[in-house]
Amino acid sequence: AVTLDATLSYRESGKTTKIAASDFFIGPMTTVLPITAVLAEVRFPVWAEQRVGVGFHEMNARQSDFAFASAAAQIALDAEGRCKRVAVGVGAAFAIPLRLDAAGKALEGTRAEESLVRKAVSEALSAHEAIGDTHASAAYRRRVALTMAVRAITDAYQAAAARRA
């Protein structure tokens, strides 16, 4: 939801409140949702481009466990196969889910070559402090977040490239 700039709506005492997904999360497994409210709706903006692809990867100890790190990406390509729009985000490795706008901007106009992707994501992540706990250290989560983001972007690019305008 953060990666794709979704809008969330919650209901409390008969009143509906809308909030950006980027403002919804305030800490690990903590949101701004009031205790007496219920999340009622999530709206994702639809990209109008013809060649759009998505990717998602996560790492956890066992299937269905909470992730050590996760990443999502959505990419729109132009007619020449270059990135026109890139949305990429990571979760679980940091206190809140992060949308990596700097990485997305750095990849616009490219064909998302792995070395460029790795550099763009690494630089974007450097501004944020990873979290550690008894399950995974902060250093491990940062490394996995980088790898998951590279994989998600690669998958999104390949899915978009497979679509013909």
Side-chain angles (χ1 to χ4, degrees), residues 1-12 15-27 29-34 37-60 66-67 69-128 142 144-165:
V2 171
T3 301
L4 298 178
D5 204 23
T7 301
L8 308 167
S9 298
Y10 64 86
R11 299 213 19 103
E12 180 182 34
K15 179 183 168 202
T16 300
T17 302
K18 293 184 180 188
I19 187 167
S22 59
D23 296 329
F24 186 71
F25 302 96
I26 56 174
M29 298 190 192
T30 308
T31 70
V32 297
L33 191 67
V38 62
L39 187 62
E41 181 178 67
V42 181
R43 288 188 174 255
F44 292 88
V46 176
W47 289 12
E49 292 88 353
Q50 294 285 322
R51 298 177 72 191
V52 176
V54 298
F56 176 80
H57 283 270
E58 69 178 354
M59 174 67 70
N60 50 26
F66 290 111
S70 62
Q74 182 165 292
I75 296 177
L77 301 180
D78 64 17
E80 289 78 40
R82 290 183 182 87
C83 295
K84 183 177 176 183
R85 291 173 69 184
V86 179
V88 59
V90 295
F94 301 88
I96 61 173
L98 303 173
R99 181 177 162 125
L100 304 178
D101 289 330
K105 283 287 183 201
L107 295 173
E108 288 177 6
T110 75
R111 295 185 189 276
E113 294 87 358
E114 184 176 347
S115 60
L116 293 174
V117 170
R118 187 167 293 283
K119 181 177 188 258
V121 173
S122 182
E123 288 176 0
L125 289 176
S126 70
H128 304 282
R142 177 179 294 284
V144 173
L146 173 61
T147 299
M148 296 299 101
V150 170
R151 290 178 184 176
I153 291 167
T154 300
D155 286 356
Y157 181 86
Q158 289 174 350
R163 295 181 60 113
R164 296 292 164 213

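This one's a predicted model, so the numbers in the text were calculated from it and none came from an experiment.
Atom CD of Glu114 sits about 9.5 Å away from atom CZ of Arg151, to the nearest 0.5 Å. Here the straight-line distance linking atom OG of Ser70 with atom CE of Met148 works out to 9.5 Å at 0.5 Å rounding. Expressed to the nearest 0.5 Å, how far OG1 of Thr147 lies from CZ of Arg142 amounts to 12.5 Å. Note: Ile19 CD1 to Tyr10 OH = 6.0 Å, rounded to the nearest 0.5 Å. To the nearest 0.5 Å, atom CH2 of residue Trp47 and atom CD1 of residue Ile75 are 8.0 Å apart. Rounding to the nearest 0.5 angstrom, the gap separating the OG atom in Ser9 from the CG atom in Leu39 is 8.0 Å.
When side chains are defined from C-beta on, Leu100 counts as touching Val121, because their heavy atoms get closer than 4.5 Å. Counting only heavy atoms from C-beta outward, the side chains of Gln74 and Val52 approach each other to under 4.5 Å. Residues Phe94 and Leu125 have side chains in contact (heavy-atom distance under 4.5 Å, counting atoms from C-beta outward).
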Derivation of the side-chain hydrogen bond (donor to acceptor under 3.5 Å, both in side chains) call for Arg11 and Thr16: CA-CA 5 Å; Arg11 299 213 19 103; Thr16 300; 2.5 Å; yes
Derivation of the side chain to side chain contact (heavy atoms under 4.5 Å, CB included) call for Met29 and Phe66: CA-CA 10 Å; Met29 298 190 192; Phe66 290 111; 3.8 Å; yes
Chi angles and distances behind the side chain to side chain contact (heavy atoms under 4.5 Å, CB included) call for Lys18, Leu8: CA-CA 6 Å; Lys18 293 184 180 188; Leu8 308 167; over 6 Å; no
Side chain to side chain contact (heavy atoms under 4.5 Å, CB included) between Leu107 and Val117, intermediate numbers included: CA-CA 7 Å; Leu107 295 173; Val117 170; 3.9 Å; yes
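Looking at every heavy atom in both residues, Ala120 comes nearest to Ala103 through O-CB, 3.6 Å. Residues Ala73 and Ala156 approach most closely at O-CB, 3.8 Å, considering heavy atoms.
Side-chain atoms of Arg163 do not come within 3.5 Å of backbone N or O of Arg51 as any donor-acceptor pair. Looking at Tyr157, its side chain does come within 3.5 Å of a backbone N or O of Gly81 through a donor-acceptor pair. Here the side chain of Thr154 pairs a donor or acceptor atom with the backbone of Val150 at under 3.5 angstrom. With Ser126 contributing its side chain and Glu123 its backbone, the two residues share a donor-acceptor pair below 3.5 Å.
Under the salt bridge (Lys or Arg N to Asp or Glu O under 4.0 Å) criterion, the residue pairs touching residues 103-113 are Lys105-Glu108, with sequence neighbours excluded. For residues 71-85, the pairs satisfying salt bridge (Lys or Arg N to Asp or Glu O under 4.0 Å) are Glu49-Arg85, with sequence neighbours left out.
No hydrogens or angles considered: nothing links the side chains of Thr7 and Arg43 as a donor-acceptor pair under 3.5 Å.
With sequence neighbours left out, the salt bridge (Lys or Arg N to Asp or Glu O under 4.0 Å) criterion links Asp5 to no other residue.
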